[in-house]
Chemist: 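The structure follows.
So you know, we letter chains A, B, ... as the sequences are listed, proteins then strands, and number each from 1.
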Amino acid sequence: MANRPQRIRRWILWLTLVWLVILLVLSIVGSVRGSRRAGELFNTPVLVAYWLAFVALLIAGLWAFGRLRRRPGLLLIHLGCAVVLLGSMWSSDRGHALQARLARLAPRFFQEKIPRGYMGIFEDQQHDQVLDEQADEEIGRLPFTLRLEDFWMDYHRGPGTLYVRRGEPADPNAAGPNESGDVGPVDPNGPGPVDPNPFDASNAGREPTYTTWQIPARVGAALALPAPLSRVRVLREIHNLQVGGERVTDRPQDPSNPALEVAVEMADGTGGAAYVFPPGTPHPLRTDGFEFVYEPGAISGIKDYFSDLVVLDYARQVQRRQVIEVNHPLHYGGYHFYQSDFGSHRIDTPRGPQTYWYSLLQVVSDSGVSVVFLGYGLLCLGVFWHCWFRHIAAFFHQRRANAD
Amino acid sequence: MQIKANPQGYLIYAALAAYALAFLLLICRRRTPGRWLYALGFVLSVAAFGYRWHHVRHVPLQNMFEVFVCLGMVCWPLSEFCRRILDVEADATDTLIALAVLVPAGFVFTDEPQHLPPALQSWLFAPHVAVYMLAYIVMAKASVQAAAHLGCRLAESESRRAGYESATYRLICLGFPLLTLGLILGSYWGKRAWGDFWNWDSKELWSLASWLVYLGYFHFRHLYGRKYARINSVLALAGLAAIVITLSWVNLSRLFEGMHNYAA
Ligand code: HEM
């Protein structure tokens, strides 16, 4: 039997229209109330009944209309919608409450999970505590531990400059060294000596006694230098260099110690990496009569946040490390971990006040999410099939039939 | 009012001039030169978009200015597609749509370049917005057909009225999958960037509302066919009204607070 009686089908379609109008009105009401209160509205018990009735209506439609089952596009659309709704319900707070209850009945198949929360972890520390939205009260613990190895930021920055100065009197007749053309970008100001020395105020008004070169401080930029040096190459721009123990890290706080990591190559083939600082720092980079100075570009905003996380799952003997950033969460053990915020605490220690940085992670259970995405896939495929591909296929079919 | 006396502005104003001239020629039934000018306007708006892309160094779909330049750019290819493939010919009103969406880019919104905030640095950014731009223009074209259907005098031939009604349906069938894809990509992106595939944010709710209006259109039209053809067209117009609110009002007004506000 393909179709149910006409009367039933009309009723179902009318109910569908009514259901769509209700959802439309609620969406508009919700948009005025703001996202938080809209979320509460759509999760009230009455609305739970509404969502369940919607799924029932979709199933009734599939039962009553033969075409909804026979046309692949229509089948995928309506099935996909039901799958999305069921997945959303499973992933909601109420869905999690249901999972917790089922976990007590059948712990082999269900798991009690924290729907969502926050974790604040200090650098070099680890724990499993999940906090509420205000990040002050514990709402649960994870079955594994997270450790924050490092937290840092990336900035939008204007172009910086690397200056190299040779500590000999300038000789206008000597052939100056050239910026090597084949490595890295060429400075628009042109290669060669820049006089007078731009970074040493004591030079103002005096006859230039040094030869200075400059290149943009971009990764990969390089400058050829006279012997005994051969070349300097920019490796990395560091916004706030701190040396702690054996690590050289880029700290999140206001960049106060910018540095440029460069590779200095000697004419005899030796050489190595070194750090170049802005003028006036206590550790200027000097070698073989050359002095290096880095002028950082102006900062115009934060580009991204990063947390270097390690999962320590003792029960499953797993240790996994991943750097997360906005748009790149960590997925482990049924949870997603998102970069949410960061902050610092000043603590007085015997060695004086110290600032400790922490990363605030958003923790969200992944229950139901893959079901929702499966539904999205079905729905999308169905809509494109029904509205587009079906007609494209028919068009080519017709053309072939005409050709025969 | 914001006049842009820079190459970016000149390109937009040149495109606007071409669209305006094309419109005048097309309503005077000078079809060939009109169409050429419409195509020229397209080339100029592509240049404006490309200039912007080069200038800000990321896909320029971030703020209202960039979005409206993009809208002004996609009109011509869609007109050509609809004319050649869907048999919906509406050159004059299409140039009017192109004008209407490019005017805000030229005179209303600021072209101050901005950095991409971290949440927008995702591969989903460009397809999510681009798909919506295409859908919006298609739905605007559908509304023109629906309005023509409603504006038809009863004395006019039945076949002409039915022609407008079915053109509306064909255009909505073209735009609806794009609208669906935009919604789904946005939801998937929301999951990656904010942790939830649905945040009940006002922009999300209005894009859902637009989508629901078209769902209502499909099911109502299936229920009654052309028996209440005028209601079909009213629903198509209501869909565009919801889109206009989604696109502009939510971003501009302080009535709604939400996560999409940085797009303003
Ligand atoms: C809730 C109960 C629903 C019922 C009972 C229902 C029923 C129907 C029926 C009977 C048709 C006509 C099929 C035909 O051409 O013969 C149809 C078409 C369609 N439905 Fe639904 N539907 C429901 C919900 C939805 C939802 C939630 C969506 C959202 C994705 C949807 C999307 C569509 C689309 C895109 C069409 C195609 C319209 C056309 O080709 O003109 N439906 N539906």
Chemist: What part of A:S91 gets within 4.5 angstrom of chain B, counting heavy atoms only: side chain, backbone, both, or neither?
Modeler: side chain
Chemist: Can you tell which part of A:R116 gets under 4.5 Å to a heavy atom of chain B, answering side chain, backbone, both or neither?
Modeler: side chain
Chemist: Indicate whether the side chain of B:W198 and that of B:S187 have a donor and an acceptor atom separated by less than 3.5 Å.
Modeler: no
Chemist: Quick check for you: among A:V369, A:L26, A:T16, which has the greatest number of heavy-atom pairs under 4.5 Å with chain B?
Modeler: A:V369
Chemist: What is the ring orientation for A:F54 with A:Y50, classed by angle as parallel under 30°, tilted 30 to 60°, or perpendicular over 60°?
Modeler: perpendicular
Chemist: Is it the side chain or the backbone of A:L17 that comes within 4.5 Å of chain B heavy atoms, both, or neither?
Modeler: side chain
Chemist: Heavy-atom count around B:D87 CG within 6.0 Å, excluding the residue itself: above 12?
Modeler: no
Chemist: Would you call the rings of B:H222 and A:F65 parallel, tilted or perpendicular if under 30° counts as parallel and over 60° as perpendicular?
Modeler: perpendicular
Chemist: Could you tell me whether the side chain of B:H128 and the main chain of B:G186 form a donor-acceptor pair under 3.5 Å?
Modeler: yes
Chemist: Let's go through B:E165 and B:S233 carefully: what are the C-alpha distance in whole Å and the side-chain angles of both, what is the deciding distance for side-chain hydrogen bond (donor to acceptor under 3.5 Å, both in side chains) to 0.1 Å, and is it a yes or a no?
Modeler: CA-CA 7 Å; B:E165 202 280 334; B:S233 296; 5.6 Å; no
Chemist: Determine the option with the most heavy-atom pairs under 4.5 angstrom with chain A, choosing from B:H219, B:R170, B:Q121.
Modeler: B:Q121
Chemist: Flag the pair B:E80 and B:R83 as a salt bridge only when some basic side-chain nitrogen lies within less than 4.0 angstrom of an acidic carboxylate oxygen.
Modeler: yes
Chemist: Quick one about B:D94 and B:W76 (side-chain donor to acceptor, distance below 3.5 Å, no hydrogens or angles considered), yes or no?
Modeler: no
Chemist: Using non-hydrogen atoms only, which part of B:L116 is less than 4.5 Å away from chain A: side chain, backbone, both, or neither?
Modeler: backbone
Chemist: Ring-plane angle category for A:F337 and A:Y335, please: parallel below 30°, perpendicular beyond 60°, tilted otherwise.
Modeler: tilted
Chemist: Do B:H149 and B:T168 have side-chain atoms, one donor and one acceptor, less than 3.5 Å apart?
Modeler: no
Chemist: If I measure from the heavy atoms of chain A, does B:L208 come under 4.5 Å with its side chain, its backbone, both, or neither?
Modeler: side chain
Chemist: With a 3.5 Å distance limit and no angle check, can you tell me whether B:S210 reaches the backbone of B:W206 through a side-chain donor-acceptor pair?
Modeler: yes
Chemist: Taking side chain as everything from C-beta outward and backbone as N, CA, C, O, which of these in A:Y376 sits under 4.5 Å from a heavy atom of chain B? Side chain, backbone, both or neither.
Modeler: both
Chemist: Which one of B:L183, B:V213, B:L178 has the most heavy-atom pairs closer than 4.5 Å to chain A?
Modeler: B:L178
Chemist: Name the member of A:V84, A:V363, A:V21, A:L23 that forms the most heavy-atom pairs with chain B at distances under 4.5 Å.
Modeler: A:L23
Chemist: Name, in order of residue number, those residues of residues 378-391 of chain A that have a heavy atom at a distance of less than 4.5 Å from a heavy atom in chain B; otherwise write 'none'.
Modeler: A:L379, A:C380, A:V383, A:F384, A:C387, A:W388
Chemist: What part of A:L41 gets within 4.5 angstrom of chain B, counting heavy atoms only: side chain, backbone, both, or neither?
Modeler: neither
Chemist: Taking the ring of A:F342 and the ring of A:Y305, is the distance between their centroids below 6.0 Å?
Modeler: yes
Chemist: With a 4.5 angstrom heavy-atom cut-off, could you sort out which part of B:Y224 is near chain A: side chain, backbone, both or neither?
Modeler: side chain
Chemist: Sort out for me which of B:I172, B:I184, B:D196 touches chain A most, counting heavy-atom pairs under 4.5 Å.
Modeler: B:I184
